[in-house]
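These notes concern the structure reproduced below.
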Amino acid sequence: MGWALAIDKSDIARAKLVDTPTQPLGDGQVRLTVKRFALTANNVTYAAFGDVMGYWAFFPGADGTGRLPVWGFAQIDESRCPDLQVGERIYGYVPAASELVVTPGQVTAGAFIDETPHRAGLPAAYNRYVRCAGDQGYDPAMEAEQMVLQPLFLTSFLLDRHIRNEAAFGAQRILLTSASSKTAIALAHLLARTPMAGVTVEALTSAGGRAFVEGLGLYDAVHTYDAITDIPADSPAMIVDFAGDSQVVTALHTHLGERLKANIRVGGAHWENSAPAKNLPGPAPSFFFAPSHLETLIQDVGPRGFQNAHSGAWSDFARGAKDWLNFQSKSGSHSALTIYDSLVRGDAIARDGLVIEL
């Protein structure tokens, strides 16, 4: 008997641990035993937009509850696929659960694709699993960074390219909400790494998070949610919205008015207030779906071109992560539930990188 974190799709604050039967393997299938995974605010976004963006479709629960997608490492403990051996370490998109059965296809020395029928129409980026022994970029000592930060960094990497391709939509000020979130920090890092001429990158955070955000040294200015009307509105601005808080969005649109050039919505850290704001002044928020941008980028530059650009940027970011991030490991399924509950409540500390060991 295994376990899974089961989430009420109609109220993501209601989660529990459930027992799950061991699934028998069919021909060509492989059993992945989940060994460790990260839990971040990004996972709350997966839950908050589970139906709208299709995240619940990856790992359907037999009881009708949602299975939380996470990024982590697993081990092949049973294989009926001749190309994959028992004992291999695998990295990829797994449920917060004890195991995942996959149907590998397109197997190479470095990766495979899960071709389980219900995943056929889902974004390809989430269906790819890395074989660690064949991954030149794999470093056992960097597993925590890979789990906690790499999925978030990819979104930020794609956002950075999108903003540059659009010349910041004509803005001279880029405002990042939920600026203490790891995805926002990664974007701020990339924008600071190669500054855009005449464009400042500014943080919007809670009063309690201000000191942490200022200490990062990545933002040209730091503003707080309780002082939105103090943000200068004398030059064109754009928003990259990681918070998804409708009240914050309304206040920003109202304050910036015709100076606002774009609002890119990325996440839902403030999921409880995430219902889309209506009748906003200025441009309507536009949701950024990273897998679609990834597929377009790979089509434009090719897999190798993407890999070369991403790998260098990722290595630079990952090397400095321990300067501002405190990696912490917690053991067992009950820890997974406890940390998930804290993330949903907004109690998690921005400086912590949380890993569940199983």
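Only this structure's heavy atoms are used, side chains among them; waters, hydrogens and symmetry mates stay out. Along the sequence shown, residues are numbered consecutively beginning with 1.
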On the 0 to 90° scale, with breaks at 30° and 60°, tag the Phe317-Trp324 ring pair as parallel, tilted or perpendicular. tilted
Closest approach of Ile90 and Phe112, non-hydrogen atoms and distance? CD1-CE2, 4.0 Å
Within the side chain of Arg31, is there an N or O that forms a donor-acceptor pair under 3.5 Å with the backbone of Gln23? yes
Applying ring-ring contact (aromatic ring centres under 6.0 Å, His included) between Tyr91 and each of Phe37, Tyr129, Phe73, report the one that passes. Phe73
Ring-ring centroid check Tyr126 Phe58, cutoff 6.0 Å: yes
Residues that Asp77 engages under side chain to side chain donor-acceptor pair (under 3.5 Å), provided they are two or more places apart: Thr33, Gln75
Which heavy atom of Arg173 sits nearest to which heavy atom of Ser235, and what is that distance? NH1-OG, 3.0 Å
Taking the six-membered ring for Trp, is the centroid-to-centroid distance between Trp71 and Tyr93 below 6.0 Å? yes
Kindly determine whether Ser331 and Glu357 satisfy side-chain hydrogen bond (donor to acceptor under 3.5 Å, both in side chains), including the steps that lead there. CA-CA 5 Å; Ser331 297; Glu357 307 281 358; over 6 Å; no
Would you check if the side chain of Asn42 reaches a backbone N or O of Pro151 as a donor-acceptor pair within less than 3.5 Å? no
Is there a donor-acceptor pair closer than 3.5 Å between any side-chain N or O of Asp220 and the backbone N or O of Val201? yes
Can you see which heavy atom on Ser156 is nearest to which on Ala186, and at what distance? OG-CB, 3.4 Å
Check: Asp241 side chain, Ile264 main-chain N or O, donor-acceptor pair, under 3.5 Å: no
Minimum heavy-atom distance between Leu252 and Leu204, given as atom pair plus value: CD1-CD2, 3.8 Å
Got a donor-acceptor contact below 3.5 angstrom from the Arg80 side chain to the Leu25 backbone? yes
Leu190 backbone acceptor or donor facing Thr194 side chain under 3.5 Å: no
Tell me whether Tyr138 contacts the main-chain N or O of Val130 through its side chain, where contact means a donor paired with an acceptor under 3.5 Å. no
Any sub-3.5 Å donor-acceptor pair from Asp316's side-chain atoms to Ala313's backbone N or O? no
Taking the six-membered ring where the residue is Trp, are the ring centres of Phe157 and His293 under 6.0 Å apart? no
Can you tell which of Gln150, Arg319, Lys322 makes a side chain to side chain donor-acceptor pair (under 3.5 Å) with Glu145? Lys322
Fellow cluster residues of Val18, listed by chain then number, with links counted only when side-chain atoms sit under 4.5 Å apart: none
Phe49 and ring-ring contact (aromatic ring centres under 6.0 Å, His included): which single residue from Phe289, Phe287, Tyr55, Trp56 fits? Phe287
